[in-house]
Amino acid sequence: MIDQMKEGFIIGGGLIAAGLALQLSIGPVVWETFAWPANGIVLAAFLSLIAVMFMLQKQVYVFRFIGTYQAAIPAMVYAVVLTIIMGLTRQKAGGTWLNDMLSFWPFVLVYVYIAVILGLTILRRIRNTRCTVHHLKRDVPFMLNHVGLFLALTTATLGNADMQRVKMITAVGEPEWRALTQEGTVKEMPLAIELKRFIMETYDDGSPKRFASEIQILTKTGKNIATTVDVNKPCEVDGWKIYQYGYDTQMGAQSQISILELVSDPWLPLVYTGIYMMLAGAVCMFIFGGVRRR
């Protein structure tokens, strides 16, 4: 058992070494290259790879070993260490290795490895599942937790390439179709926003208490929506969430512009589905555990 655990740490260490070699040779992970449909193809290939590894477990020792807890525990140790480093360092796109962990090859490879372990573990449990009350009470929470984690992990990673975050400066009486990307380039949007009225409420000392925007939204699909966007109350139109971001601070309550942030993340529903599955798995564990104790 100890020797197998050592093998797990060796495999994890090998992935980190391979990641460092990739980082030095080709640079960080460029997620933009995985934008749709590339990420869909990668996901299909990844699922196929896991299925092939599962079918060849009896013939290939490494595939058989990856699906065990002796492989999972060292992988989790490496993942926790890298995640702690991520939490202790300031993260920004285009930063140094440790300041942009989401594009750091060792970090990415370790989490891909964990996803492979999860996939093999799920298939193994499916193969051993029996349609009895005892097995279902044991297997349903397990499957919800593990499938949910696998779904959230893979879709959050691959969906990162399709997420768009832009800022739009809207003015009173002037519909605006253009927005600025994080790289500072101008992007034509599938919707136009016109600021109708900027709203600001202040405390007695004059500091902002609330600021919001009454806006008119026009889409290329023919929608015409009048709504109010508050700081913590975004609106959603055609897959875009519109947030109140800023205003002309010099003009204050008399501001004639409003800065809005528009975010599109088409894979987010799948990520939420995985999270809800894990929550459902936790509830099932509590319920079934309580039944067994009684």
Handout entry: Side-chain heavy atoms of R210 within contact of D230, under 4.5 Å
Key = yes

Handout entry: Close side-chain approach of T227 to I215, heavy-atom, < 4.5 Å
Key = yes

Practice task
For the residue pair K6 and F9, establish whether any side-chain heavy-atom pair is separated by less than 4.5 Å.
Solution key: no

Fill in the blank from the handout: Interatomic distance, OG1@T170 vs CZ@F198, rounded to 0.5 Å, equals 9.5 Å

Handout entry: Atom pair CG (L195) and CD1 (I169), whose distance is rounded to the nearest 0.5 Å
Key = 12.0 Å

Exercise for the section: Kindly say whether the aromatic ring centers of F150 and H146 come within a distance under 6.0 Å. Expected result: no

Problem - CZ/R90: more than 12 non-hydrogen atoms of other groups inside 6.0 Å - result: no

Identify all side-chain donor-acceptor contacts of residues 251-265 below 3.5 Å with residues at least two apart in sequence or on another chain.
unit_1 : atom_1 : unit_2 : atom_2 : d
S255   : OG     : D248   : N      : 3.2
S255   : OG     : I257   : N      : 3.3
S255   : OG     : I257   : O      : 2.7
Q256   : NE2    : Q254   : O      : 3.1
S258   : OG     : S213   : OG     : 2.5
S258   : OG     : Q244   : OE1    : 3.3
S258   : OG     : Q244   : NE2    : 3.0

Problem - SB check K196 E214 (cutoff 4.0 Å) - result: no

Practice task
Give a yes or no answer on whether the side chain of S103 reaches the backbone of D100 with a donor-acceptor pair at less than 3.5 Å.
Solution key: no

Practice task
On the 0 to 90° scale, with breaks at 30° and 60°, tag the Y61-F65 ring pair as parallel, tilted or perpendicular.
Solution key: parallel

Problem - Inter-residue atom distance Y272.OH - L151.CG, 0.5 Å rounding - result: 13.5 Å

